[in-house]
Amino acid sequence: MMKKIFIIDFALVPLFLLTASTGIGLHLAGHGSNHELWHNWAVAHVVVSVLFMIGVVYHVGTHKMWYKGIVKNGVGKKNRVTAVVSVLFAVVTLTGLALLGIDGANSGVGLWHYRFGLLATVFFAGHIAKRTSTLRKVFNLFRETGIK
């Protein structure tokens, strides 16, 4: 049986790409005058972001010992980027959830969500890139054996 952690990690990659691309598409559509287009981007972004958020919750759950170590021992030199990724995810998630309760189009909260989202995208991409060889091995396992 394929380890659950690998399935979660592998699923997060396309969900991250979809979340980032729909967020950028939503922002760009906000500069236009077509409200329907903006609305479609907003719906797509919310749907994939919720799926991404669920995946990250499971991902964090599989790494709970790492988080316990950070709480107990502090952030070491090797863990800084992952710690930043965790904080950025929390900030982007909280600002995104805040947008659900307000008229988020052209709001200050929306602009901060977009800015932090771009910053998070850079760090998330680096976090993924550092694990490319592991993800490639998982992909090859998926191809050879299928998910069982």
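Numbers here are sequence positions counted from 1.
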Student: Where is the tightest heavy-atom contact between Leu99 and Ser107, given as atom of each residue plus distance?
Tutor: CD2-OG, 3.7 Å
Student: What is the distance from atom OG1 of Thr82 to atom CZ of Arg80, rounded to the nearest 0.5 Å?
Tutor: 12.0 Å
Student: Got a second to check how far Trp38's CH2 is from His45's NE2, nearest 0.5 Å?
Tutor: 11.0 Å
Student: Shortest non-hydrogen contact from Trp41 to Ser21?
Tutor: CZ3-O, 3.9 Å
Student: Identify the two heavy atoms, one from Gly55 and one from Ile8, that lie closest to each other, and give their separation to 0.1 Å.
Tutor: O-CG2, 3.6 Å
Student: Does atom CZ (Phe123) have a neighbourhood of more than 12 heavy atoms from anything else shown, all under 6.0 Å?
Tutor: no
Student: Check the hydrophobic clustering (I, L, V, M, F, W, Y; side-chain heavy atoms under 4.5 Å; chains of links allowed) and say if Val81 and Val91 are grouped together.
Tutor: yes
Student: Please list every donor-acceptor pair under 3.5 Å in which a side-chain atom of residues 112-119 meets a protein atom from a residue at least two apart or in another chain.
Tutor:
{"residue": "His113", "atom": "ND1", "partner": "Val92", "partner atom": "O", "Å": "3.1"}
{"residue": "His113", "atom": "ND1", "partner": "Thr95", "partner atom": "OG1", "Å": "2.9"}
{"residue": "His113", "atom": "ND1", "partner": "Gly96", "partner atom": "N", "Å": "3.2"}

Student: Just how far is it from atom CG of Leu15 to atom CD1 of Ile54, taken to the nearest 0.5 Å?
Tutor: 9.5 Å
Student: Mind listing the closest non-hydrogen atom pair of Ala125 and Phe16 along with its distance?
Tutor: N-CZ, 4.0 Å
Student: According to a 4.5 Å side-chain heavy-atom criterion applied to Ile, Leu, Val, Met, Phe, Trp and Tyr, with indirect links allowed, do Leu18 and Leu37 form part of one hydrophobic cluster?
Tutor: no
Student: Same cluster for Val87 and Val84 if Ile/Leu/Val/Met/Phe/Trp/Tyr side chains link at under 4.5 Å?
Tutor: yes
Student: Treat each ILVMFWY residue as a node, draw an edge where side-chain heavy atoms are under 4.5 Å apart, and state whether Ile70 and Val57 are in one component.
Tutor: no
Student: How long is the span from the CG atom in Asn34 to the NE2 atom in His39, to the nearest 0.5 Å?
Tutor: 11.5 Å
Student: Quick one: sort the Phe52 and Phe89 rings into parallel, tilted or perpendicular, breaks at 30° and 60°.
Tutor: perpendicular
Student: Any heavy-atom pair between the side chains of Thr22 and Leu26 that's under 4.5 Å?
Tutor: no
Student: Kindly compute the distance separating NE2 (His35) from CG (Asn40), expressed to the nearest 0.5 Å.
Tutor: 9.5 Å
Student: Thr121 and Ala20: which non-hydrogen atoms are nearest, and at how many Å?
Tutor: OG1-CB, 3.9 Å
Student: May I have all residue pairs that pass ring-ring contact (aromatic ring centres under 6.0 Å, His included) and include part of residues 60-85, sequence neighbours excluded?
Tutor: His59-His63
Student: Flag yes if Val46 and Val48 sit in one hydrophobic cluster, no otherwise; membership is Ile, Leu, Val, Met, Phe, Trp, Tyr, and two members link when side-chain heavy atoms are under 4.5 Å apart.
Tutor: no
